[in-house]
**Q** 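Just passing along the structure, written as structure tokens.
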Amino acid sequence: MNKNKKVTKAIIPAAGLGTRFLPETKALPKEMLPIVDTPTIQFIVEEAKKSGIKDIIIVIGKGKRSIEDHFDSNPELEANLEAKNKIDMLKSITKTNDMNIYFIRQSHPRGLGDAVYTARSFIGNEPFVVMLGDDVMEDKVPLTKQLMDSFENTGASTLAVKKVPHDQISKYGVIDPTEEVSDGLYNVRKFVEKPSPEDAPSDLAIIGRYLLTPEIFDILENTQKDASGEIQLTDAIDELNQTQRVFAHEFKGKRFDTGNKLTWLETNIVFGLRHPEIADGLRDYIKDLGKKLEKEDSGK
Ligand code: UTP
């Protein structure tokens, strides 16, 4: 029974083309875009660590080498910082050195479902989590741990969902919930990838954390490309839901979407206003900017 199996592995798919950030992503991975001074993918690996995940496989593709370098240890730099007693900086670059991080290549960006399938032999016959780099999550208990706790009770695949504004719904995979079986845990009739607002069965969107049973791989093996030429994980999950239960867990914490220009910039401002080195300067800048903009507006 799945319930008795422990979740110890995570897949982080990072082989997408990142077209929403072109031209930056022509040569640099979007997963390395900083939130103030920290690459977004670092937040994901830290969430995995805090959740008790031991082994991570990052699915990469062309132009993603810097992700490997980022998670490699850098003895020269570490020795240099230590010699100069720059202990905080040293800590910032060694936080996840104790994680087992592996890399695999997805030869063609054939979609999220295909990226997950690439890691099949690494996962084997165990339940696992998929963590997408676009979403930085904040809560007392990390979202991935919330899914793992839920799995200990149900033994079933569980996806994280969150309410999003109705006019945004077509950007997401969406659930058609039946009943709420316990606080924030839903039974699901259907999982639909990017529905139009008129067809969306709810405003509960799949956000970037999934806990899946290994049976998903047999389904992904045969999942056909959709109209856009991609193998969709959501389609495979919908099929899995026909043979075993797949729950949706509503995330009540904060979600920072770093996957598009505007929300990435907003996230940087929020994190900048918390950053001891720059918070005061940034606050003053925003205040002055507000006044300047007001002046400009009144002069129109
Ligand atoms: P997105 O739909 O956000 O695509 O993929 P993207 O390529 O990253 O960005 P845009 O939309 O072109 O700007 C969701 C996640 O799945 C991964 C991406 O790296 C991202 O983490 N992915 C997507 C793959 O690993 N391989 C793929 O073929 C597609």
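Whatever order the structure lists ligands and atoms in, that order sets their numbers, starting from 1. Position 1 is the first residue of the sequence; numbering continues from there.
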**Q** Which residue pairs satisfy the salt bridge (charged side-chain N to carboxylate O under 4.0 Å, His left out) criterion with at least one member in residues 161-179, sequence neighbours excluded?
**A**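 Residue pairs passing salt bridge (charged side-chain N to carboxylate O under 4.0 Å, His left out), neighbours aside: Asp176-Arg189.
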**Q** Protein residues near ligand 1, heavy-atom distance below 4.0 Å?
**A**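 For ligand 1, the contacting residues are Pro13, Ala14, Ala15, Gly16, Leu17, Gly18, Thr19, Arg20, Lys30, Glu31, Gln106, Pro109, Arg110, Gly111, Leu112, Ala115, Asp134.
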**Q** Would you mind listing every ring-ring contact (aromatic ring centres under 6.0 Å, His included) that reaches into residues 59-117, with sequence neighbours excluded?
**A**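 Every pair satisfying ring-ring contact (aromatic ring centres under 6.0 Å, His included) with a residue in residues 59-117: Tyr102-Phe122.
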**Q** Ile35: which other cluster members, linking ILVMFWY side chains closer than 4.5 Å, directly or transitively?
**A**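 Its cluster mates, by chain and number, are Phe21, Leu33, Val36, Phe43, Val136, Phe256, Trp264, Leu265, Val270, Phe271, Ile278.
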**Q** Report the distance from atom NZ of Lys49 to atom NZ of Lys95, rounding to the nearest 0.5 Å.
**A**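 NZ of Lys95 is found 9.5 Å from NZ of Lys49.
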**Q** Does any donor atom in the side chain of Glu215 or Thr213 lie under 3.5 Å from an acceptor atom in the other side chain?
**A**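 Glu215 vs Thr213: donor-acceptor pair found between side chains.
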**Q** Do Asp218 and Arg120 pass the salt bridge (charged side-chain N to carboxylate O under 4.0 Å, His left out) test, and can you show the C-alpha distance, the side-chain angles, and the key distance before you say yes or no?
**A** CA-CA 10 Å; Asp218 289 336; Arg120 181 177 196 166; 2.7 Å; yes
